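Okay, structure first, notes after.
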Amino acid sequence: MEFDGTRLRAERLRKLRELREQGVNPYPYKYTRSHRNQELQEKYKDLANDTETEDVVSVCGRVMNERNTWMFVDLFDESGKIQLFCHKANLPEDALKRLRLLDKGDFIGATGTIRRTKQGEISVKVTKYEVLAKSLQPLPDSWDGFKDVEARYRQRYVDMIMHPSVRENFRKRALAIRYIRNFLDERGCLEIETPVLQVEAGGADARPFVTHHNALDMELYLRIATELHLKRLIIGGFERVYEIGRIFRNEGLSTRHNPEFTMMELYWAYGDYNELMDLTEELVRGLAVHLTGSTKIKYQNTTIDFGQKWRRLSMVQAIKDATGLDVKAIKEYEEMRDTALKMGIELKHEDSRGAIINAIFESKCEAALIQPTFIIDYPVEISPLTKSHRRNRDEVERFEIFVFGRELANGYSELTDPEEQRTRLEIQALKKAAGNEDAMPLDLDFIMAMEYGMPPTMGIGIGIDRLVMLLTDSASIRDVIAFPTMKPLHKDRDDEEHTHK
RNA sequence: GCGUCCGUAGCUCAGCCGGUAGAGCACUCGGCUUUUAACCGAUUGGUCGCGUGUUCGAGUCACGCCGGACGCACCA
């Protein structure tokens, strides 16, 4: 990050100095405006061209453009643009000269009367103005824009200044999260926060981040899911609990993965996965309408319709539809393995029968699931926290939602039998001991909690970032995370500086 | 982690087979004044991501490193 030595910055520092020499505080404390810019655009939208009013207003915001040597100024606040008209007839001599000490990027406040120019631009005919913040850094050229993707992520604030649509994504993200909270709260759910720092990270198949607690002198893990604690709350007597919180998984980065992301997990007593599918469908459909005004959305030039009843399809049936293969007819593990290998699917040595079926599904079916689809009834081996299917012991009552070929949510009838839970987690622990870093640890306290008795419960996790991606037509998860994880620049130098301290 | 591509002025980009680093915009100065990227004129601005090598000579070629985009893998 370059902070000095540039001409453009030196020029702005000179202007800053001159402002101070003239007795102007370039960083004042407060400004009281009468209107937001967009309010004025709406209030005067019917004002005829080349018409003046007596209405006095005060506006403020960031200067983004200037024409005719500061006679016309484009001022942006969060709501939008208003043009300032700074004519010499209306401004005192010193204020007129001082315009030359302004730069694009400065914040100013201005007072004047409303007029509409011949060209139809609603403007404030400025009689006085004040500097609210002098900007020292030059903004990217507004015509060419700010296209360097890396720079846009590293300096997201500049990206937001230059592209109101970037801010719009984060506004929609905030609206989405608020909508989900309202939806759940209206149905008697309670949001309760669970620990981020954990002695063992469970509840999902993922590698955790490790950190260190100094006073206890012990390693702690950042959570990879909220599941096991939210279930303890169900056991504790809450009937409907959820948490919208940050999850951390120590995995690769991609357009669909950020090491920290936001997940909504909900646990609801006395319901099963059938009821949960209905509830989830209602939530997502309502959210789509709330954010976009329609159940039909455009994502990457594909129309996705959340409106009609979503298809529900078992994993076994999905595989049969896509490949003709009936995995249920294959009983022997070796035969299953050979079949998958012949289909060109890469398998790890320790893959179980269920994991192979899932691998076939992922490689042959997922990508084609464009419209919202519930894939239901997963193999038991890959679902250690899910209740066995009421009609089939090889499967569990689990669904995942797929949209645009991507997994959006994962829900199930929760396993509530403590002895079976212990057995399932012991198998996971064996896998972990055998070197599978993604396998779950044996959380004895969780099993103890379940032994006190856990009611039938339905539970779901929804990836908020991916949901917002869909609803904002964002190709990359970085477009819906304000400050995505980036490698630092000059890593070697930074390391050296730290070791010298 | 692997593969492909990318990194040149504040921004957006040229730069051919290796031969004195360029343009537009921005900035500064002057002129003009009811614009819609205002216009006219002049000036200014560079660690060519970093390093090593080849060469009389490297933005350009080779190798290594740093950072990024996309794809694959892992996963949500």
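Computed from a predicted model, the values in this text were never measured in an experiment. To find a chain, count down the sequence lines: A is the first, B the second, and so on, and within it residues start at 1.
Look at CG on A:Leu84: it is 18 Å from P on B:U34, rounded to the nearest Å. In this entry the distance linking CG of A:Asn90 with C1' of B:U34 reads 12 Å, nearest Å. In this structure, CD of A:Gln155 is placed 14 Å from C1' of B:G68, rounded to the nearest angstrom. One atom, CG of A:Leu253, and another, P of B:C72, lie 15 Å apart when rounded to the nearest Å. Counting to the nearest Å, the C1' atom of B:U44 and the CD atom of A:Glu11 are 10 Å from each other. Between A:Leu99 atom CG and B:U33 atom P the separation is 17 Å, expressed in whole Å. Distance CD1 (A:Ile122) to C1' (B:U34): 17 Å, rounded to an integer number of Å.
Taking every side-chain heavy atom of A:Val149 into account, B:A69 is the closest of B:G67, B:U28, B:A69. Picking from B:A69, B:U34, B:C72 the nucleotide with the shortest atom distance to the side chain of A:Arg256 gives B:C72.
Within 4.0 Å of A:Asn250, counting heavy atoms only, lies no atom of the nucleic acid at all. Nucleic acid contact class of A:Arg100 (heavy atoms, under 4.0 Å, all strands): sugar-phosphate only. A:Glu251 comes within 4.0 angstrom of a nucleotide base, judged by non-hydrogen atoms across all strands.
A:Gln83 contributes a side-chain N or O that forms a donor-acceptor pair with the base of B:U35 under 3.5 Å.
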Quiz item: Just by protein heavy atoms under 4.0 Å, how would nucleotides 6-11 of chain B read 5' to 3' in B, S and -?
Solution: ----BB
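Checked against side chain to side chain contact (heavy atoms under 4.5 Å, CB included), A:Asp438 has the following partners two or more places apart in sequence or in another chain: A:Asp205, A:Arg207, A:Asn436.
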Do any N or O atoms of the protein come closer than 3.5 Å to N or O atoms of nucleotides 38-40 of chain B, and which pairs are they?
residue	atom	partner	partner atom	Å
B:A38	OP2	A:Asn65	ND2	3.4
B:A38	OP2	A:Arg67	NH1	3.3
B:A38	N9	A:Asn68	OD1	3.2
B:A38	N7	A:Asn68	OD1	3.3

